[in-house]
2 protein chains.
Amino acid sequence: MPDDPLVVFTPSGRRGRFGRGAQLLQAARELGVDLDSVCGGRGICTRCQVRIGEGAFAKHGIASSNDHLTPLTGAELRQRDGGLLKENRRLSCQARIGGDLVVDVPEESQVHRQIVRKRADARAVEVDPVVRPMYVEIPEPDMRDPASHLRRLEKALREAWGVTVAGVDAHVLRKLHKTLEVGGYKATVMVRRGKRLIDIRPGFHDKVHGLAVDVGSTTIAMHLCDLSTGEVLASAGRMNPQIRFGEDLMSRVSYAMMNEGGADAMTGAVREALNALARETAGEAGVALDDIMEVAIVGNPVMHHLVLGLDPAPLGFAPFALATDDATVMLASDIDLQLNPGARIYVLPCIAGHVGADAAGVVLSEMPYRNDEMTLIVDVGTNAEIVLGNKDRLLAASSPTGPAFEGAQISAGQRAAPGAIERVRIDPDTLEPRFKVIGDDRWSNEEGFDAEPTGVCGSGVIEALAEMYLTGLLTADGAIDGGMAERTGRVVREERTFAYVLRDGSPRIVVTQNDVRQIQLAKGALYAGARLLMDRMGVETVDRIALAGAFGSHIDTKRAMVLGMIPDCDPTKVGSAGNAAGDGARIALLNGGLRRELEDRVRRIEKIETAVEPRFQEHFVDAMAIPHKTAPYPHLAAAVALPGPKPARDGNEAGGERRKRRRREGRGHGEAAE
Amino acid sequence: MPDDPLVVFTPSGRRGRFGRGAQLLQAARELGVDLDSVCGGRGICTRCQVRIGEGAFAKHGIASSNDHLTPLTGAELRQRDGGLLKENRRLSCQARIGGDLVVDVPEESQVHRQIVRKRADARAVEVDPVVRPMYVEIPEPDMRDPASHLRRLEKALREAWGVTVAGVDAHVLRKLHKTLEVGGYKATVMVRRGKRLIDIRPGFHDKVHGLAVDVGSTTIAMHLCDLSTGEVLASAGRMNPQIRFGEDLMSRVSYAMMNEGGADAMTGAVREALNALARETAGEAGVALDDIMEVAIVGNPVMHHLVLGLDPAPLGFAPFALATDDATVMLASDIDLQLNPGARIYVLPCIAGHVGADAAGVVLSEMPYRNDEMTLIVDVGTNAEIVLGNKDRLLAASSPTGPAFEGAQISAGQRAAPGAIERVRIDPDTLEPRFKVIGDDRWSNEEGFDAEPTGVCGSGVIEALAEMYLTGLLTADGAIDGGMAERTGRVVREERTFAYVLRDGSPRIVVTQNDVRQIQLAKGALYAGARLLMDRMGVETVDRIALAGAFGSHIDTKRAMVLGMIPDCDPTKVGSAGNAAGDGARIALLNGGLRRELEDRVRRIEKIETAVEPRFQEHFVDAMAIPHKTAPYPHLAAAVALPGPKPARDGNEAGGERRKRRRREGRGHGEAAE
């Protein structure tokens, strides 16, 4: 009716006219305003609280006032006394419309509130809970209405919540009568995906939690989240206990193949660790395990199979066939997790035999499929998992980089742990190095530096090589320039090749010619994989590069480009994606709609198997050169003083030549790549 | 093309023209001809065999000949040698069309073949398997096609069977790789409801079995069936071990309420019995438990709850609220049955608190909802479960008959077991009885009869009373006519009332006045329940009456009507429904479509709670008289010489009056109700 009060909700701007006496919550629902409620409008949960704009709102053409609402009800006064209803707020289920209103729905009253993400550049993600608590009051059974408990419950859910039940867990049926009796026929039902009843509690109960789990080969990380707010309440991590069966993935697959019951033992170990982490995070957050209803899991294909109890043996040899690459939903109890009996696990889909649910997590976190930008995502481990694409098309591949980026097969290599050299700079004039060690914020040449380096981690090796190249110590074809021994004692002969001494002392830390070759092999494979996807995509450059995982967080992106690990790209568009796999698990935990979107996208990702692509070998050989034999690096050259191209000749002469030329051209002063 | 060969399939009559070289199986599928196949057209399963009509078929206008097909293939010759392909048969997946054909699809080659039912009047039921084996050959995994095992399997199922997979059991995922490897990437998948993968076996495997289970308070009966043919391969029964917790239902509910863990103990006992019966039937039929994929279960509400592990306590007192009345599907392992890990149980829906899944089984067996006839179905136990209706409307109620019909609370009453008198006739002139005893086919007055009766079962009591009424020994208001003691020594005084001596000797078996009262109470309740439904339905008569259960099988329907247990009806339309609940379980086991139909109908059944219907008491009082105080029995009167109506007076006088009148009217000779 035209003279009915006008109600405008902010920030959505949705508006409509409602009869006097209409419930504010009902008005919001009719307009499709995102307004939370657990108790279904009974003044219990306080989730639906709103703020009434006071004053004349010119842009809406109305005067809004708290006087345009019915007075505070008993329920509101009780909640205000209990501190749950803030000053200047109303419960929209209690307040009824008496005149024009501007109603502000605060962030915390929205169902689909935003998930807080730490990275400033991370795309905003909304909470879209997979499990929602719904409070209902059910008529007691009556001879005149001989409907079963379940049918009366279903009716109440339909009437109060618009829910059409499809499926009830057996344990819910088993405790249905007792729960209703204890709660005086008032109960809270946990509804999964808007249709399945997975738990029931007597009375009002709004605690619903979930776990986001990143099962890495080395460490397992878990976050306990509030499924309604998306908030992380506690986090914990521990070593993957499978390490005792094999340090790396392939040795664990071998263990499974060579030992009867080996896979089961590893499955048991990882599940035990998951239970321990669940107890730890729940304990820290003061949350009952029984209030955990959902778990989202990411992991590489071998971890994926071992957590689910699938035979990992086929992942040990070509063609690396996964048992399944679909997203998997099971009861948490199916993998022996001791949570609520109705709790489900959601394991993200795998992309291909070497591109697992962890890579799917990275894709979910980065969402390249929502952008126009041609995005290259690289997650470096023993294999590099590479995804390229945008909203039109996605390609994925795995490239056999080997473990050199993780510090293995490097003379002084070690894991990225305290004591590892992680940053290296070389003075272009003196050719003297300085470095940073994990655990100490100072450079080695700074006042008070007293860390004792024990080795060099992957990012340290990368930086050392990039600096050696930029300062002419390393030729474009990867030879340590023996001629430089004339200029500096840091270049020393070691048998038939040369080495660069990063640190003299105990332990002595050097970069050997073999170290360079290992990194060349690894970076050649990484580049070739990325290049193969670019070929397939038909692009010569990419708009954005995201480096995922721990390695991606530590690496200096410019120096990675100097080394030719990744294709040329605007350096301001190359960045770390952080722990993107873990972020993906958290997003999947908190947003059911985005799961569907991811599944749909993953299913359509085109998988490129590098091993059977003839051009891979070709790209690989070309990519062994630094930064590359033929590919141009215009963006990089604009930002960094690169050594000019030079023919591959004897390292000693070439080094000398280039040094001279660089001096002629007046470049090479200071630290070019800062 | 008009000059393509014409192919006519019989018995369906479906016809079409197909190009020369087309596969016969494919032609059948295109025409929608019901033709079985497990191996998907690879000549392995022999399920698709057909017979070619030879000769000129005038009505089809074509000449058919085996010469119009390609010659026998190697696969057909092998199957013929193995005895699996009969003479004059072809495998439709091997034979290709070369000319006009008339193709007969024998019964055993149809998917939807008829279930054999023993009762001649039982409606024909088709097999519509819930679980179907589907053989597939899957490409081996390949570097060029890095799809997961599951995805390749799904593709094969889609291409060979048109199946779109929705859901895979965890145990299938777990054994997927091994099974494919062992079977050389040939496997048979068990597909439930056309979409869910519940098992996988290496190679060709067409054994799929199921169990139909009737869980009675006293006995549990199980049939092992072939899910493809519907054939019963083995049957077994045993006492319900819950009897040690309580003889009847209410004492078991009490046990559950008064003993901590009592319900669990009874649940464990019945599940153990089900496992034992499964082993027994499987052993007898030579079927592996692992080949049992589906179980259909009926039972009264208390058995329903105890089998499912639901608390039966609420069924012990008004308002008798069930936990759920929906049909319930679970894993068989959820109720601890040791069958295939993918096996499901299907528990039929309950109708109301006292009208359980057994009654739903009766409804499914009788299918009143497919008829125009107004059908009354009565299943007599401690409570009589009553269903009335036709295709337009169904009503149901439970009537508190008490245990008298089962021989309890009767002076010489006993269960229907060897030694029990089950048939009684009384000579109208001599008033001498004769009877039959369970375990002996002869009447007690026949040559060679030497059974030693130990008591009288429910049907025996019913017959005795009906005969006593027909011969004037019993008045319409239920008094044993003491005046008859003048005519026969069989009528004797027992304290303040009279009794009729069925058998003099040891034990002496008499019908006492109290026995009559007990039966009057029981039959009054039964009649009143049926009458209440008729009132609600707005009908004065019913077209058909079906008496279900063991009692219904043994009772003489005419004498039941003489006694006024059931309303008047054409005696030719009153019959036993046999073990209708068990039949219903078997139908539900074998036909998935009929489950859906039943669920839909049961949900719409209107439940009448007799206890809160004011007219129930009124009907009950009127129905205490024999056959009834006011309701006419025209159909019965036309078939049986009923004693005329007489006012309720002193029994002695009344008996004398009626006897005289009957003699005057020249009726009452011989045995009126034969």
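A note on names: the letters A, B, ... follow the listed sequences, proteins ahead of strands, and every chain is numbered from 1.
Ranking B:Leu308, B:Thr328, B:Leu180, B:Ile608 against chain A, the residue ahead of the rest is B:Leu308, based on heavy-atom pairs under 4.5 Å. Between chain B and the residues A:Arg174, A:Lys175, A:Glu609, A:Lys607, the most heavy-atom pairs under 4.5 angstrom are made by A:Arg174.
If you measure heavy-atom distances from B:Glu154 to chain A, the contacts under 4.5 Å come from the side chain alone. The contact between A:Lys178 and chain B is made entirely by side chain atoms (from C-beta outward), counting heavy-atom distances below 4.5 Å.
Within residues 309-325 of chain B, the residues having any heavy atom under 4.5 Å from a heavy atom of chain A are, by residue number, B:Gly309, B:Leu310, B:Asp311, B:Pro314, B:Ala318, B:Pro319, B:Phe320, B:Ala321, B:Leu322, B:Ala323, B:Thr324, B:Asp325.
What you find for A:Arg151 and B:Asp326 is that their closest heavy atoms are NH2-OD1, 2.9 Å.
Annotation: the span from B:Leu173 atom CG to A:Met330 atom CE amounts to 5.5 Å, rounded to 0.5 Å.
A salt bridge (Lys or Arg N to Asp or Glu O under 4.0 Å) check over residues 329-343 of chain B, counting only residues at least two apart or in different chains, returns the pairs B:Arg271-B:Asp336.
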